[in-house]
Amino acid sequence: MKQCFSIHPKDNVATLTEDADSEPLLVVGSGGGTTVQIEEAISLGHKVALAAIAPDAVIIKYGVIIGVATKPIERGGWVHLHNCRSLLDDRSQGLDLRTGIPKDTPYE
Amino acid sequence: MNDDSLKSRTWQGYLRSDGRKGIRNHVLVIYTVECASYVAHEIACNEENVHVIGFPGCYDNAYAIRLMLALATHPNVGACLAIGLGCEYTQPSRISEVAERSGRPSKWFFIQDVGGTRASIEHGKQIIARLRDQLKRETRRVPMTWSDLTVGAECGGSDGTSGLAGNPAVGRFYDLLVDQGGCAVFEEVVEMIGLRDILLSRARSPEVAAALDAAYKKAERYCKAVRQYSVSPGNFAGGLTTIEEKSMGAFAKSGTCPIEGVLLVSQQPSGPGLWLLDSVPDEHFMQFGYTNPNDTEGIMDLISTGAQIVLFVTGRGSVIGSAVAPLLKVTGNSNTFARMRGDMDFDAGRVLSGQISLDTAGRELMTLVGDVASGELTKPEALGHREYFVMYKHQNVPSLEAGCRA
């Protein structure tokens with residue numbers, strides 16, 4: 001079974017250690033021991049939710065708050081720019097979800 | 001190599017007259033305005049052990065001058081040639097004097113005086129041939145060990161693996177290096193945003209905590225003022241969602257040792273241990289400007305603290321190298337390692353696949369750093385990479401402002 005890595009027991013997300021698509025993942029690391037079913041393709045280095053996360057609830061990785069949810073996120077969901085925002089950086093909300101490329105700079 | 005032989009490892013270094021010890025024996029060509037850059041690069045072209053740095057501006061800048069002087073007197077540099085066009089504010093003669101005072105043979109000239117492109121290239125090539133011969137004849141070889149080494153670390157092109165494997169592997173190596181009396185310098189205060197309490201808890205003393213807090217608060221003001229956090233499209237594509245998340249991953253490269261103090265660019269650590277380099281500009285008549293507009297700028301700042309080797313952690317992959325000090329590339333992403341094998345020195349992604357432990361990664365990295373210190377070329381060095389970047393910036397260093405526009 002492919003794996004995702006949970007760094008801290010308080011974390012509600014884990015990081016994929018290889019690309020995966022609609023399959024169960026073994027959660028390893030300090031918050032590990034369970035499995036989580038993902039329902040879409042998630043790439044190496046990206047995050048999966050280990051619990052259901054309500055809008056405005058905090059996203060925790062490394063045991064610290066790395067952002068807040070902007071939409072309801074289900075357990076096993078991909079956590080990224082489309083459903084999580086920084087508490088500091090506004091610009092990143094306008095970037096392309098998959099490539100991270102900015103859409104706010106005119107090329108004219 | 002077992003732990004004891006790794007810790008007691010020695011290699012032959014190059015002793016400078018000022019007592020510093022280098023792991024390379026370079027002649028450094030320094031140009032003092034963009035107008036002199038072509039001639040400087042032509043002089044160094046196809047010349048063994050000759051590197052180039054330079055400053056593009058015609059108007060001088062105290063930060064840029066301090067940076068060039070720090071590189072001219074760097075442990076890996078044995079001799080210098082400073083070249084100007086002849087009209088600019090920055091004076092090659094003054095750079096040459098400082099290098100000479102440090103015991104490094106040094107020359108300088110203006111291209112306008114020598115008579116243009118062809119004559120200057122020929123003149124410059126004759127000078128560096130003589131300087132290099134002198135270095136080969138006269139530089140004393142001496143044993144070096146970990147306590148003679150300063151190692152810098154920076155990350156660029158980070159992804160979700162960087163905070164899990166690449167940076168933590170560097171952190172483990174930093175702990176080993178500091179244990180052996182070496183000096184470890186990390187930077188990127190703009191990538192500690194969100195981590196104030198964690199950063200301050202690592203201070204050696206209350207005074208250091210106050211210095212860390214000042215550097216942290218400046219970085220926060222800077223990010224708000226320029227409306228840009230230190231996170232790039234590639235970081236997002238690689239799975240990092242917020243600057244807070246990237247910060248935690250980047251900070252992992254500092255390991256677990258106490259932080260001894262905060263260095264400004266071109267300041268040398270006053271003792272062994274772990275140091276934080278603050279390369280963020282202070283508010284000034286040019287406002288903030290940008291702190292590290294690219295990875296190479298940050299690497300130059302690290303080398304200015306005397307780092308003989310710099311570790312560069314990249315999840316997405318990068319093809320830069322560095323002038324003056326070898327750049328050693330670490331990735332936490334085994335796919336990147338496989339795809340860019342010719343550029344990557346160390347695959348920390350094996351930690352994620354369970355092949356090796358983080359402790360083993362730290363020890364393997366220490367072995368590799370020892371090999372590079374002993375003369376083995378890093379991948380970027382072997383490929384001929386010698387990137388540099390010296391820009392306009394302002395940092396408040398009052399005692400060193402004299403003579404330049406403060």
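Every chain is numbered from 1, with letters handed out A, B, ... down the list of sequences.
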One option among Cys84(A), Gly29(A), Ser86(A) has the most heavy-atom pairs under 4.5 Å with chain B, and it is Ser86(A)

Minimal heavy-atom distance between Phe236(B) and Ser92(A), with the atoms involved, is CZ-CB, 3.4 Å

So, the part of Ser43(A) with a heavy atom under 4.5 Å from chain B: the answer is neither

Taken to the nearest 0.5 Å, the spacing of Tyr62(A) OH from Ile198(B) CD1 works out to 11.0 Å

Applying a strict 4.5 Å limit to non-hydrogen atoms, the region of Val28(A) in contact with chain B is neither

Rounded to the nearest 0.5 Å, the CG atom of Leu352(B) sits from the CG atom of Leu44(A) at a distance of 7.5 Å

Of all heavy-atom pairs linking Asp89(A) and Tyr229(B), the shortest is CB-CD1, 3.5 Å

Test side chain to side chain donor-acceptor pair (under 3.5 Å), reference Thr241(B), set Lys61(A), Arg85(A), His82(A), His80(A), output is His80(A)

The single option from Ile65(A), Ile59(A), Leu87(A) that satisfies side-chain contact (heavy atoms from CB on, under 4.5 Å) with Glu244(B) is Leu87(A)

If one checks every heavy atom of Glu220(B) against chain A at 4.5 Å, the contacting part turns out to be neither

Nearest heavy-atom contact between Gly67(A) and Thr242(B) is CA-CG2, 4.5 Å

Turns out that what part of Asn335(B) lies under 4.5 Å from chain A's heavy atoms comes down to side chain

Counting heavy-atom pairs under 4.5 angstrom with chain A, the leader among Gly249(B), Ala165(B), Gly315(B) is Gly249(B)

Quick check: do Arg91(A) and Gln228(B) have side-chain heavy atoms less than 4.5 Å from each other?
yes

By residue number, those in residues 6-24 of chain A with heavy atoms under 4.5 Å from heavy atoms of chain B are Ile7(A), Thr15(A), Thr17(A)

Counting heavy atoms not belonging to Arg75(A), are there more than 12 under 6.0 Å from its CZ? yes

Hey, is CG on Asp90(A) packed in by over 12 heavy atoms from elsewhere, all under 6.0 Å?
-> no

The interface call for Leu95(A) against chain B, heavy-atom contacts under 4.5 Å, is side chain

Looking only at Pro233(B), Ser247(B), Ala252(B), the option with the highest number of non-hydrogen pairs under 4.5 Å against chain A is Pro233(B)

